[in-house]
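Okay, so here's the structure we're looking at.
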Amino acid sequence: MINFRQPDVENFFQTFGIQTFTVNKEETQLVFSTNLNGKYNLWAMDLPNAFPYPLSFHNQSCSELAYDKQGRYILAIMDQDGDENGQIYAVPPAGGSLEPLRTHEGARHMGLNLSKDGERLYYTSTKEDPTYLKSYCYELKEQEEKVIHEGTDAATYLTAKSPDEQAIVYVKHYANTYVLAFVKKDGQEIYLTPDRKEQHTVSGVEFVSDQQIYFTTNYGEDFSYLARFNLKDESFEKVAAIEKEDFDGVYYDQSSNSLYIRAEKGVKDKLYQFDLKEETLNEIDIPTTEIAGLKVADSGNLYLAGRTAVRPANIYMRKDGQWKQLTKYNVPGVKEEDMAEPELHTYKSFDGLEIEAQFFKAKPENSNGHVILWPHGGPQAAERATFRSLFQFLVYRGYSIFAPNFRGSTGYGLKFSKMVEGDWGHGPRLDNIEGLEYLFKKGLADRDKVLLMGGSYGGYMALLLHGRHADYFKAVVDIFGPCNLFSFIESVPEHWKPVMKQWVGDPVEDKEKLTEDSPIEYLDSMTKPMFVIQGAKDPRVVKAESDQIVEALKGKGRDVKYLVLDDEGHGFSKKANEMKVYEEVLEFFDQYI
């Protein structure tokens with residue numbers, strides 16, 4: 001008999017991602033961005049067959065895809081090495097070279113929206129106004145472009161257009177918890193919600209006719225619900241809701257005269273179908289715990305991209321009420337039952353606020369007894385019950401991971417999400433500390449066996465926790481985290497700057513608070529070994545943030561390892577870089593167990 005070796009952490013490196021996808025009108029070709037060759041490119045499958053083949057060889061991330069209804073071309077937005085300056089390219093359905101369609105050096109293009117005949121492209125860009133943005137209509141045949149809206153007051157994004165293209169909806173992003181939407185028609189701007197002064201959000205906008213708009217909003221409520229706006233009489237009404245669930249994306253299915261609604265409930269996503277005639281809401285079972293993308297074909301078939309905690313990103317099709325898995329991504333050689341499904345825990349923080357957390361527990365036969373605290377990024381985001389190869393290989397290697405959704409996280413209502421605004425470093429920090437105390441009390445962690453790692457805002461929190469609570473941790477990993485809130489506020493992309501005062505604080509008015517919450521102020525107490533990871537082209541948390549903390553700590557003789565990835569931004573888009581980072585993280589932590 002042949003005896004095969006047991007899988008090791010390297011198996012978890014060999015997992016692939018899916019960034020975005022689209023399908024042609026006839027549903028004969030599925031196109032998606034994936035890193036099958038180690039870098040992201042466009043691949044396709046001829047349905048109903050399920051064997052992928054490459055379309056592009058650009059080796060760059062793709063944030064959006066759109067398929068011409070006539071089947072003549074595919075549009076893709078791609079950046080360069082993670083700089084997030086997405087440019088619009090056209091790709092033939094048979095594949096080949098990318099044809100630049102709308103490009104502008106140093107600018108970001110977003111929001112692909114094609115007319116039904118495929119002759120006009122609507123989109124938003126930073127190219128002429130990097131702060132408030134402009135939206136455009138580009139005539140593909142005449143190769144002529146005109147500005148159709150100029151943003152004011154806040155970054156303004158085109159989100160939907162009416163079937164006759166006479167009305168267009170925009171959102172103004174004043175803050176992550178203050179997003180207003182208005183419809184523009186005949187030169188008039190009409191807001192979709194009654195009161196603009198009361199902070200709330202609008203998302204998931206969809207026209208079902210030239211006069212009726214459906215969208216999700218938390219106007220007047222803590223959790224988002226489905227609402228309707230009638231353009232003819234300018235009326236607004238709440239239509240459907242589920243208690244303590246945040247409705248988000250809305251997708252119109254003309255074939256059944258219904259809407260599909262993505263909802264967020266804590267760490268998992270849910271899907272509902274709303275019958276427009278009967279006004280009934282029914283839950284649809286989904287094969288994932290996350291909905292990363294959803295498209296409704298003209299036939300009514302659903303296409304969904306998503307993950308579970310133990311299964312990487314895949315694309316599924318729902319036809320006649322049954323789901324079929326189209327892609328077959330998994331962890332080679334590792335069964336799902338051998339991976340860690342997160343346990344859900346709730347605990348009370350320092351002020352009595354209830355916090356939900358996931359605990360990825362190493363199996364007893366593998367456990368090394370150490371727990372890694374993982375503060376998530378965002379901060380107005382959440383750690384979901386979705387696949388992270390980083391988590392799974394660390395758990396497989398014996399580490400348990402604790403991931404709390406501290407105050408500021410999404411999925412727990414507007415009030416909860418707002419709690420981080422202007423308070424990046426007090427409430428969320430103590431929520432994490434109280435989470436560790438909860439683990440100690442429950443016997444799930446030992447005080448002398450805790451490690452710390454986070455990325456983005458989680459990297460910031462890792463630095464701050466290190467500076468203010470170093471005794472809790474043996475070693476710290478910071479992945480592109482801000483270290484100085486003053487320099488961070490000044491260095492973010494221009495279209496972020498209007499939100500910074502509410503989100504983080506004002507450098508003059510809130511000087512004392514920003515100083516108190518900046519990790520760079522606590523160098524003397526940062527005494528534990530540290531590993532800092534940074535993408536050189538990161539536009540959100542620029543390299544200077546990591547340079548600052550590394551140089552300052554080295555100046556004090558501290559033990560700091562620094563890894564800069566020259567061809568990455570705010571994340572890892574290349575498999576070789578991802579593998580390098582994960583291998584070095586594991587090697588770093590293994591020194592301290």
Side-chain angles (χ1 to χ4, degrees), residues 223 243-246 263-270 288-290 307-311 336-364 366-388 390-413 415-417 419-420 427-455 457-458 461-462 465 469 472-474:
F223 287 81
E243 187 177 2
K244 295 194 178 300
E245 292 188 17
D246 263 325
E264 190 174 322
K265 182 175 176 60
V267 301
K268 295 183 179 181
D269 288 340
K270 299 175 79 172
T288 62
T289 51
E290 171 208 49
R307 301 174 291 180
T308 72
V310 296
R311 192 182 313 135
E336 290 185 8
E337 55 264 32
D338 291 334
M339 290 185 273
E341 287 278 5
E343 299 175 357
L344 274 185
H345 292 260
T346 58
Y347 62 91
K348 290 191 183 297
S349 192
F350 66 98
D351 57 356
L353 184 69
E354 191 170 87
I355 305 296
E356 185 174 55
Q358 295 179 91
F359 189 58
F360 294 80
K361 190 175 183 179
K363 293 183 182 299
N366 294 336
S367 178
N368 58 32
H370 285 71
V371 173
I372 299 170
L373 172 64
W374 171 268
H376 66 71
Q380 287 165 321
E383 189 59 44
R384 318 301 308 289
T386 60
F387 183 83
R388 285 185 185 270
L390 174 63
F391 280 20
Q392 292 295 342
F393 87 73
L394 285 170
V395 172
Y396 196 81
R397 188 60 175 253
Y399 297 91
S400 295
I401 298 174
F402 184 62
N405 281 334
F406 44 81
R407 67 191 66 205
S409 301
T410 54
Y412 304 93
K415 182 180 177 182
F416 193 91
S417 186
M419 286 182 171
V420 75
R429 170 174 56 86
L430 295 181
D431 290 344
N432 281 283
I433 292 299
E434 288 298 324
L436 290 179
E437 291 292 343
Y438 166 85
L439 292 183
F440 301 150
K441 290 173 187 175
K442 291 288 185 180
L444 296 171
D446 296 330
R447 285 188 179 273
D448 60 346
K449 294 181 179 179
V450 177
L451 302 158
L452 174 59
M453 175 171 60
Y457 176 86
M461 185 52 65
L465 287 168
H469 305 276
Y472 279 86
F473 310 105
K474 295 176 72 175

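Residue indices begin at 1 and follow the sequence shown. Values below: every heavy atom of this structure, side chains too, minus hydrogens, waters and symmetry copies. Quick caveat, the model's predicted, so the values are computed rather than measured.
When atom types are taken as modelled, the side chain of Ser367 and the backbone of Gly369 share a donor-acceptor pair closer than 3.5 angstrom. Panel note: side chain Ser409, backbone Gln380; no donor-acceptor pair is recorded below 3.5 Å.
In this structure, CZ in Phe402 is found 11.5 Å from CZ in Phe360, a value given to the nearest 0.5 Å. Distance CE/Met339 to OG1/Thr308: 7.5 Å, rounded to 0.5 Å. The CD atom of Glu290 sits 13.0 Å away from the NZ atom of Lys268 when rounded to the nearest 0.5 Å. From Tyr457, atom OH reaches atom CZ of Phe406 across 5.0 Å, with rounding to the nearest 0.5 Å. With rounding to the nearest 0.5 angstrom, the CG atom of Leu390 is 6.0 Å from the CD1 atom of Ile401. Taking CZ of Arg407 as the start and CD1 of Ile355 as the end, the distance is 5.5 Å to the nearest 0.5 Å.
The shortest non-hydrogen separation linking Tyr347 to Ala357 is CE2-CB, 4.1 Å. Shortest non-hydrogen contact noted between Ala362 and Gly398 is CB-O, 3.6 Å. Of all heavy-atom pairs between Met419 and Gly408, the closest is CB-N, 4.4 Å. Ala309 and Ala340 make their closest contact through CB-O, 4.4 Å (heavy atoms, listed as atom of the first residue, atom of the second, distance). Here the closest heavy-atom approach between residue His345 and residue Tyr438 is recorded as ND1-OH, 2.9 Å. Between Phe416 and Glu354 the shortest heavy-atom distance is CE1-O, 3.8 Å.
Here the side chains of Phe387 and Arg311 are not in contact, with every heavy-atom distance at 4.5 Å or above. Taking the side chain as every heavy atom from C-beta outward, Leu444 and Val371 never approach each other to under 4.5 Å. Proximity of Lys265 to Asp246: side-chain heavy atoms (C-beta onward) are nowhere separated by under 4.5 Å. Counting only heavy atoms from C-beta outward, the side chains of Leu373 and Tyr472 never approach each other to under 4.5 Å. Residues Pro375 and Leu452 are in side-chain contact: their nearest non-hydrogen atoms beyond the backbone lie under 4.5 Å apart. Contact of the Val395 side chain with the Lys361 side chain is not registered, since no non-hydrogen atoms from C-beta on lie closer than 4.5 Å. Residues Phe350 and Asp431 form a side-chain contact, since some pair of their non-hydrogen atoms from C-beta on lies under 4.5 Å apart. Asn432 places none of its side-chain heavy atoms less than 4.5 Å from the side chain of His469.
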Q. Is there a side-chain contact (heavy atoms from CB on, under 4.5 Å) between Lys244 and Phe223 once you walk through the steps?
A. CA-CA 6 Å; Lys244 295 194 178 300; Phe223 287 81; 4.1 Å; yes
(Q) Quick one, Tyr399 with Met453, criterion side-chain contact (heavy atoms from CB on, under 4.5 Å). Give me CA distance, side-chain angles, the key distance, then yes/no. (A) CA-CA 12 Å; Tyr399 297 91; Met453 175 171 60; over 6 Å; no
(Q) Between Lys348 and Leu353, does the side-chain contact (heavy atoms from CB on, under 4.5 Å) criterion hold? Intermediate values first, please. (A) CA-CA 5 Å; Lys348 290 191 183 297; Leu353 184 69; over 6 Å; no
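No hydrogens or angles considered: a donor-acceptor pair under 3.5 Å links the side chains of His370 and Lys474.
When each of Glu383, Arg384, Met461 is tested with His376 by the rule side-chain contact (heavy atoms from CB on, under 4.5 Å), just one qualifies, namely Glu383.
Checked for salt-bridge contact, Glu437 and Arg447 meet the test: a charged N lies under 4.0 Å from a carboxylate O.
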